[in-house]
Amino acid sequence: MIHKYDDDCIFCKIIKGDVPSYTVYEDDDVKAFLDISQGTPGHTLVVPKTHVPDIYAYDADLAAAVFSKLPLIARAIKASNPEIKGLNILNNNGKVAYQSVFHSHIHLIPRYTDHDDFGMTFKDNSSKYDEKAYTDIQNAIKAQF
């Protein structure tokens, strides 16, 4: 795979070694390093070693190369601390979805307790939908394949 870089991208600078990082894993396709914010201890970012802004820019080969490494890295994070009870895997795409660095990256966030200073909320909006609304959404998505 030929890697492309964006000279203005902080993650590209980390990949090239121009900016230091706490790398935990690296191969020809991905680099995994500690998120400087450490949402919880061990919070790791997995980035493709080529510049793509978000999931929409992946082709099948890049997706296979990047996402196939997640279980390996996740297992290493879990094994690193016996207090880790779970792991959130997040990929934010677009500013509205909380993406702040526009080089695709996957967050691996270890979970220690229900009160470990990390949270997510999934609201139940099912009362706003009827059979037609669900079918309209379903058909709109299916029509794109």
Side-chain angles (χ1 to χ4, degrees), residues 1 3-15 19 21-145:
M1 175 184 306
H3 300 300
K4 300 176 295 179
Y5 302 106
D6 178 337
D7 291 336
D8 296 324
C9 172
I10 186 67
F11 288 170
C12 286
K13 291 176 184 179
I14 289 171
I15 292 164
V19 171
S21 68
Y22 297 96
T23 301
V24 299
Y25 176 83
E26 185 170 11
D27 64 22
D28 290 340
D29 304 310
V30 302
K31 185 171 183 110
F33 51 92
L34 296 181
D35 186 310
I36 203 71
S37 72
Q38 287 297 281
T40 65
H43 180 174
T44 298
L45 301 178
V46 179
V47 301
K49 289 179 89 172
T50 193
H51 186 81
V52 289
D54 52 37
I55 192 69
Y56 311 113
Y58 281 66
D59 62 21
D61 291 337
L62 182 61
V66 173
F67 286 92
S68 68
K69 306 298 171 46
L70 294 180
L72 174 73
I73 300 165
R75 284 190 296 268
I77 292 168
K78 185 169 186 339
S80 74
N81 187 327
E83 298 299 314
I84 295 173
K85 307 297 183 216
L87 183 84
N88 285 98
I89 301 175
L90 301 173
N91 176 240
N92 305 328
N93 296 278
K95 187 175 181 178
V96 70
Y98 307 111
Q99 185 178 7
S100 59
V101 176
F102 292 89
H103 180 124
S104 182
H105 55 286
I106 298 103
H107 294 262
L108 302 181
I109 305 170
R111 300 303 305 278
Y112 296 84
T113 71
D114 292 343
H115 308 288
D116 57 13
D117 211 22
F118 178 81
M120 293 175 56
T121 302
F122 291 94
K123 185 177 179 185
D124 181 357
N125 290 307
S126 60
S127 65
K128 298 176 183 179
Y129 295 87
D130 60 13
E131 185 69 24
K132 181 182 180 334
Y134 284 118
T135 303
D136 288 349
I137 295 168
Q138 172 192 25
N139 290 334
I141 295 170
K142 285 174 67 172
Q144 304 310 309
F145 291 101

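The minimum heavy-atom distance linking Q38 with L34 is given by the pair NE2-CB, 3.8 Å. I77 and L87 get closest at one heavy-atom pair: CG2-CD1, 4.4 Å. For the pair E26 and I15, the tightest heavy-atom approach, listed with the atom from each and the gap, is OE2-O, 4.5 Å. Listed here is the closest heavy atom pair of N92 and Y98: ND2-O, 3.7 Å. Minimum interatomic distance between K49 and V30 (heavy atoms only, all atoms of both residues): CD-O, 3.5 Å. Nearest heavy atom pair, residue L108 against residue A74, reads CD1-N, 4.2 Å.
Residues D27 and Y25 have side chains that bring a donor and an acceptor to within less than 3.5 angstrom of each other.
Heavy atoms from other residues, nucleotides or ligands lying under 6.0 Å from CG of D130 number more than 12. Enclosure of atom CG in D28 is not indicated, since only 12 or fewer non-hydrogen atoms of other residues, nucleotides or ligands lie within 6.0 angstrom. The environment of Y134 atom OH is dense: over 12 non-hydrogen atoms of other residues, nucleotides or ligands sit within 6.0 angstrom.
Atoms NE2 and SG, on H3 and C12 in that order, are 11.0 Å from each other to the nearest 0.5 Å. Between atom NZ of residue K128 and atom NZ of residue K123 there is a gap of 4.5 Å, rounded to the nearest 0.5 Å. To the nearest 0.5 Å, atom OG1 of residue T50 and atom NZ of residue K4 are 5.0 Å apart. A distance of 8.5 Å separates CD of E131 from CD of Q138, quoted to the nearest 0.5 Å. Here the CG-CG distance, from L62 to D29, works out to 8.0 Å after rounding to the nearest 0.5 Å. Note that SG of C9 is 5.5 Å distant from NE2 of H103, once rounded to the nearest 0.5 Å.
Side-chain rings of H105 and H107 approach one another, their centers coming within less than 6.0 Å.
Panel note: side chain T40, backbone P110; a donor-acceptor pair is recorded below 3.5 Å. In terms of modelled atom types and a separation under 3.5 Å, the side chain of T23 and the main chain of F33 share no donor-acceptor contact. Checked by atom type and distance alone, the side chain of N93 pairs as donor or acceptor with a backbone atom of I55 at under 3.5 Å.
Side-chain contact between D6 and F102 is absent, with no heavy-atom pair separated by less than 4.5 Å. Between E83 and P41, every side-chain heavy-atom pair lies at or beyond the 4.5 Å cut-off.
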Could you go step by step and tell me if R111 and D116 meet the side-chain contact (heavy atoms from CB on, under 4.5 Å) rule? CA-CA 7 Å; R111 300 303 305 278; D116 57 13; 3.0 Å; yes

Test M120 against N88 for side-chain contact (heavy atoms from CB on, under 4.5 Å), laying out the working first. CA-CA 10 Å; M120 293 175 56; N88 285 98; 3.6 Å; yes

